[in-house]
Amino acid sequence: MKNFFLCFLLAFGIVIPTIAQNAGLNKQQTMAYINKLYKVAYHYKDTKVDTVTVDGKVLTVFLSSGQHFRSDIAKSDVLVIARVKSGYQIRFKSSPSTDEILWAIQTEDDAKRLKNALEHLIKIVKTEKKTDPFSS
């Protein structure tokens with residue numbers, strides 16, 4: 001019983017700091033993490049990710065081809081990871097497969113990490129005070 005209790009305390013001690021680390025990341029740190037990881041994880045033809053930004057509740061992915069894609073991340077829905085021809089994609093569960101937020105992710109592990117970071121960013125964005133006087 002002592003060993004079980006010690007194992008429980010050890011596991012509890014490891015999990016709590018990990019949770020606290022994620023909770024402590026602010027919007028800028030979370031975006032820096034998403035940018036860094038997505039630039040490495042993205043792979044589609046000769047295109048590369050230039051940058052990922054968030055403005056209000058809209059996430060924008062800028063590609064080296066000059067294209068950019070915008071996604072409203074303020075939906076009250078669950079994010080899912082889907083396996084597609086070009087790798088993995090992250091989208092809202094209720095959205096069609098062509099309405100992905102992040103796509104062409106090479107590995108499932110990268111997709112899971114990006115999904116967790118997006119979920120954290122969504123929580124931050126939803127609790128932020130509005131700074132745009134013309135937004136609804």
Side-chain angles (χ1 to χ4, degrees):
M1 187 66 173
K2 268 188 185 179
N3 288 342
F4 176 75
F5 185 69
L6 288 174
C7 288
F8 176 77
L9 287 178
L10 179 62
F12 189 75
I14 292 171
V15 171
I16 295 301
T18 305
I19 292 169
Q21 281 179 336
N22 286 348
L25 291 179
N26 64 27
K27 186 176 178 180
Q28 290 76 20
Q29 292 166 324
T30 304
M31 283 306 303
Y33 179 84
I34 291 170
N35 258 300
K36 183 178 178 182
L37 180 56
Y38 195 43
K39 284 179 182 181
V40 174
Y42 179 89
H43 180 72
Y44 187 73
K45 299 183 180 179
D46 293 333
T47 309
K48 296 188 183 308
V49 172
D50 278 341
T51 191
V52 181
T53 63
V54 66
D55 182 23
K57 296 178 181 181
V58 177
L59 187 85
T60 306
V61 177
F62 292 92
L63 300 177
S64 61
S65 63
Q67 294 177 301
H68 67 280
F69 299 90
R70 297 167 50 90
S71 301
D72 179 4
I73 60 170
K75 291 182 181 180
S76 294
D77 197 3
V78 177
L79 288 176
V80 294
I81 297 171
R83 179 78 169 114
V84 292
K85 187 177 178 182
S86 62
Y88 293 88
Q89 65 174 224
I90 301 170
R91 61 179 173 79
F92 287 108
K93 189 174 185 175
S94 63
S95 299
S97 63
T98 56
D99 197 15
E100 65 270 0
I101 299 169
L102 299 177
W103 63 97
I105 303 165
Q106 294 178 51
T107 69
E108 186 177 11
D109 184 56
D110 288 343
K112 288 177 182 177
R113 292 166 52 203
L114 284 164
K115 177 182 172 272
N116 290 339
L118 270 175
E119 287 170 342
H120 183 71
L121 178 65
I122 290 168
K123 286 179 189 173
I124 293 171
V125 166
K126 284 184 175 182
T127 59
E128 273 184 336
K129 293 181 180 178
K130 293 182 181 178
T131 56
D132 185 350
F134 298 106
S135 70
S136 53

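We number each residue from 1, following the sequence as shown.
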field: Listed partners of Y88 passing ring-ring contact (aromatic ring centres under 6.0 Å, His included), at least two apart
entry: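 Applying ring-ring contact (aromatic ring centres under 6.0 Å, His included) to Y88 gives none.
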Minimum heavy-atom distance between L63 and W103, given as atom pair plus value: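 Nearest heavy atoms, L63 then W103: CD1-CZ2, 4.2 Å.
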query: If you take all heavy atoms of Y42 and T47, which pair is closest and at what distance?
result: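 Reported closest heavy-atom pair: CE2-O, 3.4 Å.
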Crowding at NZ, K39 (>12 non-hydrogen neighbours, <6.0 Å):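 Check passes, neighbour count above 12.
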task: Taking side-chain contact (heavy atoms from CB on, under 4.5 Å) as the test, write out the residues that go with K48, two or more places apart.
output: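 Here the qualifying residues are S64.
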field: With sequence neighbours excluded, residues passing side-chain contact (heavy atoms from CB on, under 4.5 Å) with K126
entry: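 By the side-chain contact (heavy atoms from CB on, under 4.5 Å) rule, K126 matches S76, I122.
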With rounding to the nearest 0.5 Å, note down the distance linking [atom1] in [X] to [atom2] in [Y].
X	Y	atom1	atom2	answer
L121	T30	CG	OG1	6.0 Å
L102	I90	CG	CD1	5.0 Å
T98	E100	OG1	CD	7.0 Å

Who passes side chain to side chain donor-acceptor pair (under 3.5 Å) against [X], sequence neighbours left out?
X	value
E128	K27
E119	K115
S86	none
R91	Q89

message: Determine whether a donor-acceptor pair (N or O, by modelled atom type, separation under 3.5 Å) exists between the side chain of H120 and the backbone of L25.
response: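 A pair under 3.5 Å: yes.
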- prompt: Is the backbone of A41 close enough, under 3.5 Å, to the side chain of D110 for a donor and an acceptor to pair up by distance?
  reply: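 Pair absent, no side-chain N/O of D110 close to backbone of A41.
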- request: Please check if Y44 and I105 belong to a single hydrophobic cluster, counting links between Ile, Leu, Val, Met, Phe, Trp and Tyr side chain heavy atoms closer than 4.5 Å.
  value: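 Both belong to a single hydrophobic cluster.
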message: If hydrophobic clusters are built from ILVMFWY residues whose side chains come within less than 4.5 Å, do I124 and L118 share one?
response: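 No: no chain of side-chain contacts under 4.5 Å links I124 to L118.
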With sequence neighbours excluded, residues passing salt bridge (Lys or Arg N to Asp or Glu O under 4.0 Å) with D109: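 Expected list: R113.
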Could you list the donor-acceptor pairs under 3.5 angstrom formed between side-chain atoms of residues 67-75 and any protein atom two or more places apart in sequence or on another chain?
{"residue": "Q67", "atom": "OE1", "partner": "S65", "partner atom": "OG", "Å": "3.3"}
{"residue": "D72", "atom": "OD1", "partner": "A74", "partner atom": "N", "Å": "3.0"}
{"residue": "K75", "atom": "NZ", "partner": "S95", "partner atom": "OG", "Å": "3.2"}

Below 3.5 Å, can you tabulate the donor-acceptor pairs from side chains in residues 49-61 to any protein atom, sequence neighbours excluded?
{"residue": "T51", "atom": "OG1", "partner": "N35", "partner atom": "OD1", "Å": "3.3"}

